Amino acid sequence: MHDYTRKDIIELVKDEDVEFIRLQFTDAFGMMKNLAVTVNQLEKVLNNKCMFDCVAVEGFAGIGEPDMYLYPDVKTFEIFPWRPQQGKVARLICDIYRSNGEPFVCDPRYILKKVILEAEEMGYSLNVGPECEFFLFHTNEDGSPTTLTHEQGGYFDVGPLDYGENARRDMVLTLEEMGFEIESSHHEAAPAQHEIDFRYDEALATADNIMTFRLVVKTIAKRHGLHATFMPKPKTEESGSGMHINLSLSRDGKNIFQNTSDPNGLSQDAYYFIGGLMEHMKAITAITNPTVNSYKRFVPGFEAPVYIAWSAKNCSSLIRVPAARGEDTRIELRSPDPTANPYLALAVLLAAGLDGIRRQVLPPDSVDQNVFAMTDEERKPLHIETLPITLSDAAKELEKNPFICNVLGKELTEKLIKDYKEKYEEYQAQVTPWEIEQYLYKM
């Protein structure tokens with residue numbers, strides 16, 4: 001985020017020859033939406049007078065009155081580097097407000113801001129560093145996406161084995177031009193799979209950055225004749241894409257998760273935070289993994305976590321503590337995928353961690369051996385449970401967790417659960433290619 005003021009925006013638009021401004025917001029299911037205006041409407045926009053029809057937005061229909069207002073956050077003003085240099089295009093990320101001036105309770109950005117305020121009242125600030133994975137596939141002659149790739153690259157491979165190297169480089173350079181601090185980028189495990197990691201920031205800025213990141217990746221991929229997808233598991237035989245989330249709390253600018261005298265380098269509050277996450281994890285999964293396809297990624301043998309356990313010594317656990325200590329001490333949640341609505345995901349993660357601190361919820365003992373290699377008999381005495389294995393199961397877990405439901409709010413929770421159940425029922429009714437292959441010829 002920038003420290004722009006209203007006056008700064010007006011001057012920037014004039015000095016940089018900006019002609020169009022996209023007013024961006026995020027729907028209930030994590031899809032970016034926007035309303036485009038010309039600079040002639042800038043004063044109206046900055047006066048919070050830009051109205052839109054909320055009924056037309058998926059997940060918002062039927063909740064409150066239809067006409068809502070977009071209140072731009074001037075700190076999010078950014079000029080798109082890939083648009084024309086004359087008559088430039090800029091964006092502002094907006095909050096959604098009702099006609100009476102009250103925040104729209106189902107606006108995902110508002111929900112995160114509400115939990116951030118609760119943290120601030122406790123003296124905490126949440127820092128978040130995401131690790132975003134995606135695939136780059138070919139398009140067909142009509143420009144439609146496929147799951148085809150000609151490459152066979154794997155972890156950290158280089159060009160020419162890594163066919164996506166040039167596209168990934170342009171993504172990184174574009175993101176940096178938009179103010180991102182890119183820490184690293186590389187080819188991931190599966191052919192055509194990539195990861196770009198940007199520096200951690202406070203929770204709201206990170207959620208905004210994730211939405212911007214998705215837009216940039218898809219836009220630059222298209223300019224290279226490729227299709228970028230954040231679908232968690234596009235190919236059965238390959239590893240899926242995750243969005244590991246690194247979390248730490250600070251107070252007065254100091255990381256409070258660190259403790260040099262602890263064997264794991266963790267403070268008591270860090271343990272409580274882990275305890276809160278683990279206690280609410282089954283319900284949280286409905287938010288961090290919100291699609292039918294999300295659960296195809298939770299398969300043993302493909303690195304994605306399946307079991308609810310934590311460790312400072314192995315990577316098979318749901319929650320791990322990376323080796324960095326001191327101010328870099330953090331916990332890494334490995335289950336989320338990049339289809340998650342980042343505002344809702346960070347809201348429920350922060351709320352669950354704070355709940356653990358308030359109630360001093362200690363996590364179970366760490367599990368320092370490979371959880372995947374353990375038998376059911378070995379996991380049972382350690383009380384190691386599994387994540388929900390379908391979207392329907394996750395919806396049921398959310399439904400019976402009043403704490404997480406309260407974080408999201410009654411209206412939005414009901415909308416999400418209804419959608420999850422309908423999507424899963426629709427999926428269950430489909431006849432898949434696997435069924436045709438297995439049964440058609442012999443039944």
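Residues take their numbers from the sequence shown, with the count starting at 1. No experiment lies behind these values; they were computed from the predicted model shown.
- H2 has its ring centre no less than 6.0 Å from the ring centre of F77.
- Applying the 6.0 Å contact sphere to NZ of K235 captures more than 12 heavy atoms from other residues, nucleotides or ligands.
- Other residues, nucleotides and ligands place no more than 12 heavy atoms under 6.0 Å from the CD atom of E202.
- Between V45 and C50, the shortest heavy-atom distance links the atoms CG2-CB, 4.5 Å.
- Side-chain contact of D142 with S144: a donor-acceptor pair under 3.5 Å is absent, judged by distance alone.
- In the model, Q193 has a side-chain atom that pairs as donor or acceptor with a side-chain atom of S241 under 3.5 Å.
- Residues N166 and H224 are in side-chain contact: their nearest non-hydrogen atoms beyond the backbone lie under 4.5 Å apart.
- Looking at I404 and E397, their side chains never come closer than 4.5 Å, going by heavy atoms from C-beta outward.
- The 12-atom threshold is exceeded at CG of N100, counting heavy atoms of other residues, nucleotides or ligands nearer than 6.0 Å.
- Within the 4.5 Å cutoff, side-chain heavy atoms of E183 are placed close to those of R199.
- When all heavy atoms of Y69 and M51 are compared, the closest pair comes out as OH-SD, 3.6 Å.
- Between L12 and I79, the closest side-chain pair of non-hydrogen atoms is not below 4.5 Å.
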Report task. Please lay out, stage by stage, how V172 and I196 fare under the test side-chain contact (heavy atoms from CB on, under 4.5 Å). Result -> CA-CA 8 Å; V172 168; I196 298 175; 4.1 Å; yes

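- A side-chain donor from one of N246 and E131 sits under 3.5 Å from a side-chain acceptor of the other.
- Exactly one residue among F60, Y71, Y97, Y110 makes a ring pair (Phe, Tyr, Trp, His ring centres under 6.0 Å) with F104. That residue is F60.
- Contact check on K114 versus E118 returns no salt bridge, with no Lys/Arg side-chain nitrogen under 4.0 Å from an Asp/Glu carboxylate oxygen.
- For an aromatic pair to be called close, the ring centres must be under 6.0 Å apart, and F230 with F135 fails this.
- Judged by distance alone, the side chains of Q258 and E327 do bring a donor and an acceptor atom under 3.5 Å apart.
- Side chains of T212 and R91: a donor-acceptor N/O pair is present below 3.5 angstrom, by distance only.
- Remark: D419 CG to L391 CG distance equals 8.0 Å, nearest 0.5 Å.
- Distance check, rounded to the nearest 0.5 Å: CD1 of I116 to CD of E121 gives 12.5 Å.
- Other residues, nucleotides and ligands contribute at most 12 non-hydrogen atoms within 6.0 Å of the NZ atom of K75.
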**Report entry** Derivation of the side-chain contact (heavy atoms from CB on, under 4.5 Å) call for L362 and Y272
**Finding:** CA-CA 5 Å; L362 283 171; Y272 293 150; 3.7 Å; yes

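- For the pair A36 and R22, the tightest heavy-atom approach, listed with the atom from each and the gap, is CB-NH1, 4.0 Å.
- A salt bridge links R109 with D95: at least one charged nitrogen is closer than 4.0 Å to a carboxylate oxygen.
- Counted within 6.0 Å of CE on M32, heavy atoms from surrounding residues, nucleotides or ligands total more than 12; the atom is thus considered enclosed.
- Within a 6.0 Å radius of CG in D252, other residues, nucleotides and ligands contribute 12 heavy atoms or fewer.
- Ring orientation note: the planes of F298 and Y295 are nearly perpendicular, at an angle over 60° on the 30°/60° scale.
- A cation-pi arrangement is absent between K113 and Y343 under the rule of less than 6.0 angstrom and at most 45 degrees off the ring axis.
- Nearest heavy atom pair, residue K33 against residue D27, reads CE-OD2, 3.4 Å.
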Requested in this report: Mind running side-chain contact (heavy atoms from CB on, under 4.5 Å) on L175 and F198 for me, showing each step along the way?
Outcome: CA-CA 9 Å; L175 287 164; F198 50 88; 5.7 Å; no

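- Checked against side chain to side chain contact (heavy atoms under 4.5 Å, CB included), F20 has the following partners two or more places apart in sequence or in another chain: T38, V89.
- Residue-environment remark: CD (Q86) stays at or below the threshold of 12 foreign heavy atoms within 6.0 Å.
- Applying the salt bridge (charged side-chain N to carboxylate O under 4.0 Å, His left out) test to every pair with at least one member in residues 329-339, sequence neighbours left out, gives these pairs: R320-E332.
- In terms of heavy atoms, A351 sits closest to V115 at N-CG1, 3.8 Å.
- Checked by atom type, the side-chain pair T291/S294 shows a donor-acceptor distance below 3.5 Å.
- The 12-atom threshold is exceeded at CZ of F180, counting heavy atoms of other residues, nucleotides or ligands nearer than 6.0 Å.
- Counting heavy atoms from C-beta outward, E43 and K49 have side chains that stay 4.5 Å or more apart.
- Salt-bridge formation is not detected for the pair R223/D170: no Lys NZ or Arg NE/NH1/NH2 atom is positioned less than 4.0 Å from an Asp or Glu carboxylate oxygen.
- Y271 and D262 share a donor-acceptor pair across their side chains, judged by distance under 3.5 Å alone.
- Residues V105 and L412 fail the side-chain proximity criterion, which asks for heavy atoms closer than 4.5 Å.
- Judged purely by atom type and a 3.5 angstrom limit, T146 uses its side chain to pair as donor or acceptor with the backbone of H138.
- Judged purely by distance below 3.5 Å, without hydrogens or angles, the side chains of D269 and S267 never pair a donor atom with an acceptor atom.
- Minimum heavy-atom separation, T339 to R214: C-NH2, 3.9 Å.
- A 4.5 Å side-chain heavy-atom check between N34 and F25 finds every atom pair outside the cut-off.
- The structure places OG1 of T288 at 11.5 Å from CG of N341, a figure rounded to the nearest 0.5 Å.
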Query raised in the report: Between R6 and N47, does a side chain to side chain donor-acceptor pair (under 3.5 Å) hold up when you go through it step by step?
Result: CA-CA 10 Å; R6 174 193 172 104; N47 287 332; 2.9 Å; yes

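- Exactly one of K421, E422, K415 qualifies for a side chain to side chain contact (heavy atoms under 4.5 Å, CB included) with K418. That residue is E422.
- Inter-residue side-chain proximity for T5 and V74 is flagged as unmet; no heavy-atom pair is nearer than 4.5 Å.
- Looking at K282 and D393, no side-chain N of the basic residue comes within less than 4.0 Å of a carboxylate O on the acidic one, giving no salt bridge.
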